Amino acid sequence: MIDGAAVHVPALFYIFAGLALFYFLYNFRRAFAARIGRPETRRIRPWEVITNALYYGVAQRKVTSRHFGYASLMHLLLAWGFMELLFATSVDFLVERGLFLELLPRKDTPWFAALNELGGLALLLGSLLALARRHTSARPAALPHNSFAGRGSLLGDSGILIVLILLVVGGFLAESARLSIEAPAAAWASFVAYAVSLTLSSQTWQSLQPWLWWSHAALALGLIALLPQTKLFHSIIGIVNVALTNRAEHGMLRPMNIAAHMENPDAAPDDLVLGVGQVEDFTTKQLLDAEACTECARCTSVCPAHAVGSPLSPMKIVLAMRHNLYAQTMGDRVAAPLIGELISTEELWACTTCRACMEECPVIIDHIPAIIDMRRFLVLSEGQPPRDAATSLEKTTQQGNPWGFPRDNRLKWALDAGLDVPVMADKREVDVLYWVGCAGAYDPRNQEVARAMVAIFQAANVDFAVLGTEERCTGDSARRMGEEYVYETLANQNIATLANYRFNRIVTTCPHCLQTLGRDYRQLGTTWQVTHHSDYIQELIDQGRLVLDGQLTGTVTYHDACYLGRHNGIYESPRNVVARTLGPEGKLVEMPLSRSQSFCCGAGGGNMWYEVSKGERINLNRFDQAVATGAQTVVTACSFCMIMMDDARKVRGEEERVQVKDIAELIADSLA
Amino acid sequence: MNICVLLKQVPDQGSVFTIDSDETWVQEDNLVFTTNESDNYALEEALLMKASKGGEVVVCTLGPDRASQTLKDALAKGADRALFLRDDAFDRLDSLGAARAFAAALRDDSFDLILCGLQADDTGEGQLGPMLAEQLSLPHVTLVVQTELLDGCIKIKQELEGGWFRHLEADLPALLTIQSGINKPRYASLKGIMAMKRKEIKQVSAADLSLTTGDLTPHQILKRLYVPAKTKETQFLEGSPDEVVAQLVEKLANEAKVL
Ligand code: SF4
Ligand code: SF4
Ligand code: SF4
């Protein structure tokens, strides 16, 4: 918005502009720092690049969040104000050079003038809101930085905001001067600048004008020159990053094809890169992610591990990646080692892979795969999982379940209860293959869920069977602990077992099994349809195959499992199913953190099997949230959530007053 | 510092056990096998010594074909090479026979230290280590809970009964049997597993070791293996409180033998 000059711009300006542009380009080379990464395997589709840029960039769809109302409004004002002024400046630039004149509006075209005023006001207001947020809120750890040093970027947050404010104010003043001097017919349309122009005489404006024009120009050129070194760089690199996102694979762990390496006789183990031990082991897109981080701290402020006092901060992880990347490529700093120094192993192991950070990140950063890639290095390359994790991995390899219960007892949950559950080895062909999972098979509380599920299948006359002793752990925990070799081995065993049978689909009561069987295994070539029991029960109800007489009383609350909700987008069917089990006296209430904002139970990402994190246990925190609604029944739809909530119930001494139930149990209890 | 670690493959304790029809062993078809627990600690102790003093760690086992997995796991964790005593003649050896076989295999290698686990989880005898030491004329210490290598000798903390410990020093070469818990056994990394594929597992037979049938004939024969039958018997004691107490004390002392 270098507006206002007379018809011709002084030559000196072009010299400064050239210098500013040169300095901008010189520092812009950091955008290409990500090239030191490994080649990205995720595909980039041209059409998606365009839709991403429009949807997440221009329309700011990831910036608006229910969690951050104030910040969303603030950023919309800033971003749209910025975009509008960029547009206005470009139009002026073209018009002044006599280009596209028949298409473009003039400075004093009333609608265009008014729009530009709005753009300026939006930017001004957004900057003031941002400045206020940085200096008044009482939550410093969860908020972006408020110093002039920033997080290692020039000017910091406040510095850049003050420059923006001066720029807008200067723009308005320069425009006021122009209006006063040129007195165009539609001056009123520039409503702010016009009002300001009336405060001084035309002569005064005339004498002020060169000062105003040059100071505004200097500030604008300075900002352009410095942009790549400041936080504002995200306005460019952030849009590039969201545009290049493969949305279908966002959040998925990249396959490693370990079997291929194992079979290759020439593979030299020492040359193999297993996981990420150094920043250049990340893929180029992962490094671009790190470059794009806006330092907004949204991820950290919703991270459940962070909330209970663990040292994990997803933003810190991303910034550590960037710090190390720039240190190596831009030579500004000495590169401290990525793992061990910049990022502690304790931070890496504290992540529950709950996806809360990714849900809130405005520039679609892929935190979980980055964290798991570093765990892969610790496990596959260094052989250093936490001790208890190692035990569960060894047990999984031996007995096919992380508890290490006897492989041959996998059907005991049914046999001991005298249930007649058909097995695939006898039936060979069924409509529904019921995947019981390790928790359903061995954990006493989840065994009850499995038995309830059998009651539901029988009530609805479903042609189903289980694998029984042929079933193995799906490898969810192993994979998320970074043990891709154990995961791949288990996956290939399960795939080979299932290849012997025919079924229309797999139904599972565990969202972790849903994730592995339904999505992770696809990377190994499967095409099965895998359905979570919440969706399946809903289908049975819709088809009239279950006759229900719901009599559940009291207050009921539903806990969204991360792998059901955020990872697989299933929010409504569990609620609909619960609603069908309520009697006239029962009511379903929501916790403040629900649906996509749900707070993890603490068991995901392998955390079921080890404890590293200092601070309070996540499941107690979540259980307290559930009880705070006044609920007597806490409903889950996930095997691990069940264990975590039931455990918290006991620790909190709430066994008398509160019950934890799976949706399948509620339905089984409601069968007419 | 050259160290040999003896390993044994045993059924995983989480398995479901069924006794064989001839009542001398368990059915093996459905069992999951793993490395004996205290042997893992012995291996880790050797790997730690190697890390501080250099040298070579050789692992050695005796067993059927499946036992090679135990050697592979140890190689994946960082052992340098493996010796596999494999021969049908080695089936169902007693501890003395096994000790003779190991002695024949290890005699010519000059190891500074031989480590084994305290006892095998399947037979629970704890005999092999001391017997092997005798065969090789080495000093030995059992139930080792701490070690410290010095020049030409090793300082040892040995666990005794009832919470007592004893501190000893042994000249090298020596044989130690290691108690579980002495260290934290490592996890085999994938890198280690891949490196394992290039390491040597040398298989030796009874003939290679010039062992005769006489050397291997068991002196100890397992007669019958069974699950102890649980019985429950209720007795009512009658009389005055004093008489009942007297009878109870007598029964606890003489029948239940708990006093
Ligand atoms: S996935 Fe969850 S636990 Fe892990 S860093 Fe993100 S918010 Fe934190
Ligand atoms: S990673 Fe995303 S959510 Fe976290 S600070 Fe960076 S931009 Fe914000
Ligand atoms: S156990 Fe449930 S809440 Fe916890 S991580 Fe898994 S899905 Fe999320």
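Predicted model, so just to flag it, every value in this text is computed and none were measured. The chains referred to below are lettered A, B, ... by the order of the sequence lines, with proteins before strands, and numbering in each begins at 1.
Applying the 6.0 Å contact sphere to CG of A:N500 captures more than 12 heavy atoms from other residues, nucleotides or ligands.
With sequence neighbours excluded, the residues satisfying side chain to side chain contact (heavy atoms under 4.5 Å, CB included) with A:S344 are A:E346, A:E347. With sequence neighbours excluded, the residues satisfying side chain to side chain contact (heavy atoms under 4.5 Å, CB included) with B:A82 are B:V59, B:L71, B:L75, B:I201. With sequence neighbours excluded, the residues that form a side chain to side chain contact (heavy atoms under 4.5 Å, CB included) with B:A195 are A:P269.
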Return one line per donor-acceptor pair between chain A and chain B under 3.5 Å, naming both atoms and the distance rounded to 0.1 Å.
unit_1	atom_1	unit_2	atom_2	d
A:A267	O	B:R198	NH2	3.3
A:L272	O	B:K191	NZ	3.3
A:L380	O	B:L190	N	2.9
A:L380	O	B:K191	N	3.0
A:S381	OG	B:K191	NZ	3.1
A:R387	NH1	B:P185	O	2.3
A:Q398	NE2	B:T34	OG1	3.0
A:Q399	NE2	B:D12	OD2	2.7
A:E483	OE2	B:Y187	OH	2.7

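Interatomic distance, A:Y521 OH to A:L498 CG, rounded to the nearest 0.5 Å: 8.5 Å. Summarising the geometry, atom CG belonging to A:N324 is positioned 5.0 Å from atom CG belonging to A:L338; distances are rounded to the nearest 0.5 Å. With rounding to the nearest 0.5 Å, the separation of CZ in B:F102 from CD1 in B:I114 is 10.0 Å.
When heavy atoms are compared at a cutoff of 4.5 Å, B:V32 approaches chain A solely by way of its side chain, counted from C-beta outward. Heavy-atom distances place no part of A:L378 under 4.5 Å from chain B, backbone and side chain included.
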